[in-house]
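Notes for the one structure printed next.
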Amino acid sequence: QVQLVESGGGSVQAGGSLRLSCAVFGYTYNKYYVGWFRQVSGKEREGVAALYTPVGSTNYADSVKGRFTVSQDEAKKTVFLQMNSLKPEDTAMYYCAITSREGGWYGWSRPDSFGYWGQGTQVTVSS
């Protein structure tokens with residue numbers, strides 16, 4: 001059974017930092033994308049960043065480039081999203097997701113590219 005468990009969300013002031021973690025359990029593929037998405041109530045889920053294992057290549061949304069960094073601990077099957085210089089507009093529920101791309105691939109920022117999702121972790125940035 002595939003399970004993704006996010007942690008690390010919380011409340012910070014603008015300019016602060018948070019590090020989100022996504023621990024992957026039960027996924028047997030050796031090559032896969034882990035994507036980070038965020039969603040504000042009433043809006044569509046937005047692709048934030050993604051990492052391709054085991055190569056380690058990364059992708060970022062323009063809105064977070066230079067502020068967010070996605071990385072991995074491959075041995076622990078954990079992917080991290082380091083978020084620096086946080087802004088109030090970064091406030092959202094953050095989700096991680098995983099895909100081997102075998103089920104259909106529409107790009108790293110498309111939620112329908114990903115088959116398994118975590119439960120989400122809330123990030124709140126106050127001004």
Applying ring-ring contact (aromatic ring centres under 6.0 Å, His included), can you list everything that pairs with [X], at least two apart in sequence or on another chain?
X     : result
Tyr29 : Tyr27
Tyr60 : none
Phe37 : Phe114, Trp117
Tyr33 : Tyr52, Trp105

Holding to salt bridge (charged side-chain N to carboxylate O under 4.0 Å, His left out), I want the full list of residues that pass it with Glu46, two or more places apart in sequence or in another chain.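 Once residues adjacent in sequence are excluded, the partners of Glu46 under the salt bridge (charged side-chain N to carboxylate O under 4.0 Å, His left out) criterion are Arg38.
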Please say yes or no: joined through hydrophobic side-chain contacts below 4.5 Å, possibly via intermediate residues, are [X] and [Y] part of one cluster?
X     : Y     : value
Met93 : Leu86 : no
Val12 : Val64 : yes
Val70 : Leu4  : yes
Tyr95 : Val79 : no

[X] to [Y] - nearest heavy-atom pair and separation:
X      : Y      : result
Val123 : Met83  : CG2-CE, 3.8 Å
Pro88  : Ser127 : CG-CB, 3.9 Å
Val40  : Ala92  : CG2-CB, 3.8 Å

Between atom [atom1] of [X] and atom [atom2] of [Y], what is the distance when rounded to the nearest 0.5 Å?
X      : Y      : atom1 : atom2 : value
Arg110 : Arg45  : CZ    : CZ    : 14.0 Å
Asp73  : Phe80  : CG    : CZ    : 5.5 Å
Ser100 : Lys31  : OG    : NZ    : 11.5 Å
Glu6   : Leu81  : CD    : CG    : 11.0 Å
Tyr32  : Leu51  : OH    : CG    : 8.5 Å
Thr99  : Trp108 : OG1   : CH2   : 14.5 Å

Any disulfide (SG to SG under 2.5 Å) involving [range]? Give me the pairs, sequence neighbours left out, ordered by first then second residue.
range           : result
residues 57-106 : Cys22-Cys96
residues 97-127 : none
residues 46-76  : none

Can you list the residues that meet the side chain to side chain contact (heavy atoms under 4.5 Å, CB included) rule with Thr124, with sequence neighbours excluded?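 Side chain to side chain contact (heavy atoms under 4.5 Å, CB included) check on Thr124 returns Ser11, Thr91, Gln122.
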Sequence neighbours left out, what passes side chain to side chain contact (heavy atoms under 4.5 Å, CB included) with Ser126? Give chain and number order.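 Ser126 satisfies side chain to side chain contact (heavy atoms under 4.5 Å, CB included) with Gln13 once adjacent residues are dropped.
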Applying side-chain hydrogen bond (donor to acceptor under 3.5 Å, both in side chains), name anything that partners Ser17, two or more places apart in sequence or on another chain.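 Per chain and number, Ser17 pairs via side-chain hydrogen bond (donor to acceptor under 3.5 Å, both in side chains) with Asn84.
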Got a donor-acceptor contact below 3.5 angstrom from the Ser85 side chain to the Arg67 backbone?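 Not a single qualifying donor-acceptor pair exists.
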State whether the side chain of Thr78 and the backbone N or O of Lys76 hold a donor-acceptor pair below 3.5 Å, judged by distance alone.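 Yes; judged by distance alone, with no hydrogens or angles, the pair exists.
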Side-chain donor-acceptor pair present, Gln72, Thr53, cut-off under 3.5 Å: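 Side-chain D/A pair, Gln72 to Thr53: present.
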Could you note down all residue pairs passing ring pair (Phe, Tyr, Trp, His ring centres under 6.0 Å) where residues 3-25 supplies at least one of them, sequence neighbours left out?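 Found none.
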With a 4.0 Å cut-off, would you call Asp90 and Lys87 a salt bridge?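 Here Asp90 does not pair with Lys87 in a salt bridge, since their nearest N and O are not under 4.0 Å apart.
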